[in-house]
Amino acid sequence: MKLATWNVNSVRQRLDLVLDWLKREQPDVLMMQEIKCETDQFPKAAFEDAGYGCAVVGQKSYNGVATLVRGDFSVTTDHLPGFSDPAARYVEVRTQDMVLGNLYLPNGNSGGEQGYATKLEFLNALTARARLLLAEETDFALAGDYNICPAPIDCAPGALGPEDALVRPQSRAAYRRLLWLGLTDALRALHPTGAAYTFWDYQARTWERDCGLRIDHMLLSPRLAERLQSAEPDRNERAMPRPSDHVPFIVTLKDPAKTNA
DNA sequence: ATGACCCCCGCAGGGGGA
């Protein structure tokens, strides 16, 4: 099974790029963030023609998430329970006996201290969601743009200042609290060391200098983690004409193990 | 140099992003 997450930075600007990528990569699921359109403006027909069903939570101008799924699925929630902000930042589906949460965390650098507090509130609600799914023994993945560099290796030297909301100790501690529940960071499970950036700012030629960040992540519940086969950012997409500033992050899982009881 | 990129709305330039 092939799962991907991609902050596309406007699905309407990136439609042809995403369709080409889907045709080439053939994922079973693509979780997109920052679609930047209202739900009824989402180019649903184009994705359906490509063989995908769509779970869309949009809003005007900003934010917005959409999950593309091949085959049967249902939407389990169109918002993150326990997070009161109305921004379109979470959609969750059930497919192939697993729950897939698609999330776009607040950046936390705008809106002053309240803006940063909202980021931590989202992380608290996400942690509660993970705890609930673990208690139910549901297999699940939580994927998307976390807007957190979990460790120093995930931020290129000089890319961000020490006070930036993406690297602040409280942001990193909140990310670790998710892991401590028993979740697995798919990228680091297979690539414990080294840079694995998923984002390069449009400004200051950061792509040419490989001055990037790892901020797009997929966390796996225990049984899914046992099936983990590969986890790779698709750097090719950053070199395309008119790219998103984020690249797709692709995770493949082995088929569920046959019962050997 | 109040620079520099890109997208949004909507028609000028301000907000947001990371």
Side-chain angles (χ1 to χ4, degrees), chain A residues 5-19 21 31-43 56-66 85-90 102-123 126 143-172 174-175 187 195-217 233 235 237-249:
Chain A
T5 175
W6 191 2
N7 180 324
V8 295
N9 186 18
S10 171
V11 70
R12 291 176 294 178
Q13 288 295 322
R14 235 58 74 188
L15 182 58
D16 288 343
L17 198 70
V18 175
L19 289 171
W21 183 85
M31 292 175 260
M32 291 186 284
Q33 303 85 36
E34 285 206 87
I35 61 171
K36 294 188 174 177
C37 66
E38 293 179 280
T39 301
D40 61 11
Q41 297 173 317
F42 185 81
V56 184
V57 178
Q59 70 177 82
K60 195 178 176 75
S61 304
Y62 305 117
N63 309 317
V65 288
D85 189 302
R89 294 183 176 275
Y90 191 80
N102 172 3
L103 57 106
Y104 174 48
L105 248 94
N107 172 299
N109 280 313
S110 63
E113 277 312 302
Q114 183 52 49
Y116 188 66
T118 302
K119 178 175 195 165
L120 297 180
E121 285 163 22
F122 189 103
L123 283 159
L126 188 64
D145 179 355
Y146 280 72
N147 270 318
I148 296 172
C149 301
I153 189 68
D154 300 313
C155 176
L160 299 173
E163 299 303 316
D164 195 284
L166 280 64
V167 298
R168 274 166 61 173
Q170 282 175 286
S171 304
R172 288 177 166 166
Y175 189 82
L187 188 286
Y197 305 138
T198 62
F199 167 91
W200 295 260
D201 198 288
Y202 289 120
Q203 299 187 64
R205 301 176 64 253
T206 61
W207 169 245
E208 289 78 1
R209 297 184 291 119
D210 196 22
C211 185
L213 307 173
R214 185 174 79 98
I215 52 178
D216 299 276
H217 311 299
R235 292 174 61 106
E237 287 302 305
R238 192 64 178 79
M240 292 290 183
R242 302 186 65 237
S244 171
D245 41 5
H246 297 248
V247 295
F249 174 52

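In summary, the side chains of Lys119(A) and Asn107(A) do not present any donor paired with an acceptor at a separation below 3.5 Å, with no hydrogens or angles considered.
In this entry the distance linking CZ of Arg89(A) with C1' of dG16(B) reads 10 Å, nearest Å. When rounded to the nearest whole Å, the span between CZ of Arg168(A) and C1' of dA18(B) equals 14 Å. The distance from atom CG of Leu15(A) to atom P of dC7(B) is 14 Å, rounded to the nearest whole Å. The CG atom of Asp201(A) sits 10 Å away from the P atom of dC6(B) (whole-angstrom rounding). Taking atom CD of residue Gln59(A) and atom C1' of nucleotide dC9(B), one finds them 14 Å apart after rounding to whole Å. Atom CD in Gln13(A) sits about 5 Å away from atom P in dC7(B), given to the nearest Å. Counting to the nearest Å, the P atom of dC6(B) and the CG atom of Asp245(A) are 10 Å from each other. The interatomic distance linking Asn9(A) (CG) with dC8(B) (C1') rounds to 10 Å, in whole Å.
Residue contacts shown for Asn7(A) are limited to sugar-phosphate atoms, with no base heavy atom under 4.0 Å away. Within the nucleic acid shown, Arg205(A) has no heavy atom closer than 4.0 Å to any nucleic acid atom. Nucleic acid contact class of Ile215(A) (heavy atoms, under 4.0 Å, all strands): sugar-phosphate only. Tyr104(A) comes within 4.0 angstrom of the backbone, heavy atoms only, and of no base. Using a 4.0 Å heavy-atom cutoff across all strands shown, Asp216(A) reaches no nucleic acid atom at all.
When the side-chain nitrogen and oxygen atoms of Ser61(A) are compared with OP1 and OP2 of dG15(B), none of them lie within a distance under 4.0 Å. Within the structure, every side-chain polar atom (N or O) of Asn109(A) is placed at least 4.0 Å from both OP1 and OP2 of dA18(B). Here Arg12(A) does not reach the OP1 or OP2 of dC7(B): none of its side-chain N or O atoms lies under 4.0 Å away. A close approach under 4.0 Å does not occur between any side-chain nitrogen or oxygen of Gln203(A) and OP1 or OP2 of dG3(B). The phosphate of dG17(B) (OP1 or OP2) has no side-chain N or O of His246(A) nearer than 4.0 angstrom. For the OP1/OP2 pair of dC5(B) and a distance below 4.0 Å, the side-chain nitrogens and oxygens of Arg242(A) include no atom meeting the criterion. For Ser110(A) and dG17(B), the shortest distance from a side-chain N or O to OP1 or OP2 is below 4.0 Å.
Thr5(A) contributes atom OG1, which lies 10.0 Å from atom NE2 of His217(A) (distance to the nearest 0.5 angstrom). Note that the CD atom of Glu121(A) and the CD atom of Gln114(A) stand 6.0 Å from one another [nearest 0.5 Å]. Distance CD/Gln170(A) to CG/Leu123(A): 10.5 Å, rounded to 0.5 Å.
In this structure, Arg89(A) forms no cation-pi arrangement with Phe122(A), as its terminal cationic atom is not both closer than 6.0 Å to the ring centre and no more than 45° off the ring axis.
Of the C1' atoms belonging to dC8(B) and dA12(B), the separation is 14 Å, rounded to the nearest Å. For the C1' atoms, the distance from dG17(B) to dA4(B) is 16 Å, rounded to whole Å. Taking atom C1' on both nucleotides, dC5(B) is separated from dA18(B) by 12 Å, rounded to a whole Å. If you take atom C1' in dC11(B) and the same atom in dA1(B), they sit 28 Å apart, rounded to whole Å. Between the C1' atoms of dG15(B) and dG10(B), the separation comes to 14 Å (whole Å).
For the ring pair (Phe, Tyr, Trp, His ring centres under 6.0 Å) criterion with His246(A), the lone passing option out of Trp6(A), Phe199(A), Tyr197(A), Trp200(A) is Phe199(A).
Set against dG17(B), dA18(B), dC8(B), the side chain of Lys36(A) has dC8(B) as its closest nucleotide.
Taking the charged nitrogens against the carboxylate oxygens, Arg235(A) and Asp210(A) do have a contact shorter than 4.0 Å, which makes a salt bridge.
Judged by distance alone with a 3.5 Å cut-off, a donor-acceptor contact links the side chain of Asn107(A) to the base of dA18(B).
Between Pro243(A) and Asn147(A), the residue whose closest nucleotide on DNA chain B is further toward the 5' end is Pro243(A). Nearest-nucleotide mapping onto DNA chain B: of Gln41(A) and Glu34(A), the residue sitting toward the 5' end is Gln41(A).
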